[in-house]
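Beneath this line is the structure, given in structure tokens, with notes to follow.
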Amino acid sequence: MAPKLPDSVEELRAAGNQSFRNGQYAEASALYERALRLLQARGAADPEEESVLYSNRAACYLKDGNCTDCIKDCTSALALVPFSIKPLLRRASAYEALEKYTLAYVDYKTVLQIDNSVASALEGINRITRALMDSLGPEWRLKLPPIPVVPVSAQKRWNSLPSENHKETAKNKSKEATKSRVPSAGDVERAKVLKEEGNELVKKGNHKKAIEKYSESLLFSSLESATYSNRALCHLVLKQYKEAVKDCTEALKLDGKNVKAFYRRAQAYKALKDYKSSLADISSLLQIEPRNGPAQKLRQEVNQNMN
């Protein structure tokens, strides 16, 4: 007796996923297409499910080297559910394969606005930045299409997804942490220039743009503690306290006596009402600089908040 063919959207999608895992990309694509037709025939709108099916079929096209259809399906997926990470990443990869570097840059950059820890997007930005510098020269940023501003609602949606949706991100973070690429002299120089550009933007009060410069600098070389602590300052000003804590922690991994990193992390912890952690950082700072006035004042403020 022949096995029963899938006859619901959910079953077709599950069968497509299994075929994809087995490396049968054409078969998976056909199953996703059947699911799409069935879903659209229902008449009742289900944009989330439809977006996933387009994105999944796009993954099949990408695996088979059909970048044009991959881009079309990703664009359809994003029209249904804007700022979804997977179709953005798949479209960026397809653009990159077609050497449409400015468009790939925009998609990778958009992903990093949603979650700045997605390693494939960080690595993509690194590759694309090099390609754009080589092909367009030092003014390459002026030739980029507009980069959309990701609304907070899209970031919250990603953060609220079930934990299994973040498995790939966690795996990439682990892989990135174990990777120890030594930057070339050219990379170090580019990182330095970008950091200085960030510093100038801070002086002008443009902290959002400064964060972009520091982030680009870190893509070329992530070995300078001050770049992290400078970006932390920007996050503090923008009230992005958790991001400030992360950057200060990275800075202190590189330089355990970075006074600014201790101070800024203490400020961030205070804003997050984690007073014990704030006092611990102030104590560490004062062991390095016992007469640091701002740290002594911050300690008084934290103690008052605890009482």
Please tell me whether [X] and [Y] are part of a single hydrophobic cluster in this structure, the criterion being side-chain heavy atoms less than 4.5 Å apart.
| X | Y | result |
| --- | --- | --- |
| V52 | L88 | no |
| L112 | L218 | no |
| Y108 | Y95 | no |
| L298 | L252 | yes |
| V193 | V188 | no |

Are any non-hydrogen side-chain atoms of [X] and [Y] less than 4.5 angstrom apart?
| X | Y | answer |
| --- | --- | --- |
| K213 | N199 | no |
| V9 | L53 | yes |
| L132 | L144 | yes |
| K260 | L233 | no |

Could you tell me which residues satisfy side-chain hydrogen bond (donor to acceptor under 3.5 Å, both in side chains) with S225, sequence neighbours excluded, listed by chain and number?
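Result, side-chain hydrogen bond (donor to acceptor under 3.5 Å, both in side chains) vs S225: N258.
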Begin with the C-alpha distance, continue with both residues' side-chain angles, and end with the deciding distance and a verdict on side-chain contact (heavy atoms from CB on, under 4.5 Å) for I128 and E96.
CA-CA 8 Å; I128 299 298; E96 187 176 355; 3.6 Å; yes
Kindly say whether the aromatic ring centers of Y105 and W140 come within a distance under 6.0 Å.
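Yes, they do, as the ring centres are separated by less than 6.0 Å.
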Measure from the ring center of Y269 to the ring center of Y275 and say whether it is less than 6.0 Å.
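So the answer is no for these two rings.
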Any donor-acceptor N or O pair under 3.5 Å, side chains [X], [Y]:
| X | Y | value |
| --- | --- | --- |
| Y228 | D255 | no |
| Y241 | Q267 | no |
| E301 | N305 | no |
| Q40 | R37 | no |
| H235 | Q240 | yes |

State whether the side chain of [X] and the backbone N or O of [Y] hold a donor-acceptor pair below 3.5 Å, judged by distance alone.
| X | Y | value |
| --- | --- | --- |
| Y54 | L78 | no |
| S8 | E11 | yes |
| S221 | S217 | no |
| N126 | L122 | no |
| S76 | K72 | yes |
| S84 | V81 | yes |
| S229 | A226 | yes |
| S51 | P47 | no |
| S135 | A131 | yes |
| R90 | S55 | yes |

Could you go through the side-chain contact (heavy atoms from CB on, under 4.5 Å) check for L103 and D107 one step at a time?
CA-CA 7 Å; L103 295 174; D107 278 351; over 6 Å; no
What verdict does the side chain to side chain donor-acceptor pair (under 3.5 Å) test give for N292 and Q296, after you've listed the backbone C-alpha separation in whole Å, the side-chain angles of each residue and the deciding distance to 0.1 Å?
CA-CA 6 Å; N292 188 302; Q296 291 172 344; over 6 Å; no
Who passes salt bridge (Lys or Arg N to Asp or Glu O under 4.0 Å) against E10, sequence neighbours left out?
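Partners of E10 under the salt bridge (Lys or Arg N to Asp or Glu O under 4.0 Å) test: R42.
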Residues which pass salt bridge (Lys or Arg N to Asp or Glu O under 4.0 Å) with R57, listed by chain and number, not counting sequence neighbours:
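In terms of salt bridge (Lys or Arg N to Asp or Glu O under 4.0 Å), with neighbours along the sequence ignored, R57 is linked to E33, D73.
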With the threshold set at 4.0 Å, does a side-chain nitrogen-carboxylate oxygen contact exist between [X] and [Y]?
| X | Y | result |
| --- | --- | --- |
| E200 | K203 | yes |
| R141 | E216 | yes |
| R130 | D187 | yes |
| K253 | E250 | yes |

Among N230, V259, D281, find the residue that satisfies the side-chain contact (heavy atoms from CB on, under 4.5 Å) test when tested with R264.
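With R264 as partner, side-chain contact (heavy atoms from CB on, under 4.5 Å) holds for just one option, N230.
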Please determine whether side-chain contact (heavy atoms from CB on, under 4.5 Å) holds for the pair I211 and H207, giving the CA-CA distance in whole Å, both sets of side-chain angles, and the decisive distance to 0.1 Å.
CA-CA 6 Å; I211 286 174; H207 295 93; 5.6 Å; no
Before you tell me yes or no, could you show the steps for D247 and Y214 under side chain to side chain donor-acceptor pair (under 3.5 Å), namely the whole-Å CA-CA distance, both residues' side-chain angles and the distance that decides it to 0.1 Å?
CA-CA 11 Å; D247 273 355; Y214 291 136; over 6 Å; no
Verdict with reasoning, L31 to F20, per side-chain contact (heavy atoms from CB on, under 4.5 Å):
CA-CA 10 Å; L31 287 162; F20 186 90; over 6 Å; no
Within 6.0 angstrom of R21 CZ, more than 12 heavy atoms from elsewhere
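Yes.
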Kindly compute the distance separating OG (S215) from CD (Q113), expressed to the nearest 0.5 Å.
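CD of Q113 is found 10.5 Å from OG of S215.
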